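Here the structure is laid out as structure tokens; the discussion comes afterwards.
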Amino acid sequence: MKMEDKKTVLTGIRPTGNLHLGHYFGAVGNWVKLQNEYNTFIEIADVQALTDNFNNPDKVRKNVRELALDLLACGIDPSKANIFIQSRIPEIAELTVYYSNLVTIARLERNPTIKTEISQKKDIFGNNGESVTYGFLGYPVSQAADITAFGGSLVPVGEDQLPLLEQAREIVRKFNSIYGETLIEPEHFLSKIPRLKGLDGNEKMGKSLGNAIFLVDDDDTISKKIMGAITDKNKIKKDDKANPDVCMVYYYHKLVSQNNIETICKECKAGKRGCIDCKKELIENMKEYLRPIKERRKYYEDNKELVDNILKNGTNIAKTKAEYTLKKVKKAMKIDYFE
Ligand code: ATP
Ligand code: MG
């Protein structure tokens, strides 16, 4: 298949910290598969990260590189996918300005993802969101620009992102209805685990929730974290029967212990499996599962220049594509003077 016949996958991730199992099973693991079939663009969303980290530029800067390393470690292959840096593509910012006329403030304020995130970030946005910035409220608009700039028709994300994608679809429809068919309406693509739970049983494993296993965690840290994971609280003695469905250890066994999962489940239910032994088994399997990821990371860590070139190259390719889209958009909007 020729490159131009392939559909385009666009997805993004914010450089706000290292990747954890939630990112891997909810999103990035999927991208690794999709890169074989689609034209794939992976955005390191530094502009978006600054919307709620504007007061911490060092954090964003440092994590651009960390994120590139994590993505490559997960198996993103630079010969198949373009990893690029959002702020290096000013066309996205320009598209954002044009799209901002197509969405109401009330609609942005009603967006469930935005509402949740504002309430989670009381330290910057105030208890009732009274200090929310124009930039943060508008980031779904810039996300619509991210997607459409590259003609993304498939957007593989975790479940928390769905309302943002719906917002992008609305903007595309509005644009096309006013200015004529120009933009591609994107569709979401969820992984089999659209929302991975945290070690504490929380519905979402999150970077800042203290409930994550990071891909860069060393063996000791992994052991400690798994030892502290919540299990069925009604199981007190080693030979008590338990319910694996309320146990986070079993939940993660399902990810990394597939070949033994039925036995684990049966033994747990029958009271033939102590929680400590079960955790130890998970620790070993988890370490084994993460080993190739860590090895790839080490390779790229030792080849700094290679990583720089991967980012430069991916960004150049992305820029050419975004320039093309912007040209089409300006023509449709009749602001293509002197062209
Ligand atoms: P931040 O707190 O900075 O927003 P984040 O952990 O939510 O960080 P993002 O960069 O916003 O990370 O998300 C990257 C991708 O990973 C998104 O597609 C998101 O849906 C997905 N993702 C993040 N956490 C999980 C999770 N626990 N389960 C499934 N998918 C997840
Ligand atoms: Mg997020």
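All values reported here derive from a predicted model rather than from experimental measurement. Numbering of ligands and ligand atoms starts at 1, following listing order.
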- Please assess L290 against D217 for the test side-chain contact (heavy atoms from CB on, under 4.5 Å), listing each intermediate value before the final yes or no. CA-CA 9 Å; L290 294 179; D217 279 346; over 6 Å; no
Throw together a table of side-chain donor-acceptor distances under 3.5 angstrom for residues 307-314, partners on residues two or more places apart or in other chains.
{"residue": "D308", "atom": "OD1", "partner": "R65", "partner atom": "NH1", "Å": "2.9"}
{"residue": "N309", "atom": "ND2", "partner": "E305", "partner atom": "O", "Å": "3.4"}

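- For F54 and Y139, the ring centers sit 6.0 Å or farther from each other.
- Taking the six-membered ring where tryptophan is involved, the planes of F84 and F150 are tilted, since the angle between them lies from 30° to 60°.
- Q86 has its side chain within reach of I92: a pair of non-hydrogen atoms, C-beta onward, lies under 4.5 Å apart.
- F214 has its ring centre no less than 6.0 Å from the ring centre of Y24.
- At a 4.0 Å heavy-atom cut-off, the residues surrounding ligand 1 are I13, R14, T16, H20, G22, H23, G26, A27, V157, G158, D160, Q161, P194, R195, L196, K204, M205, K207, listed by chain and number.
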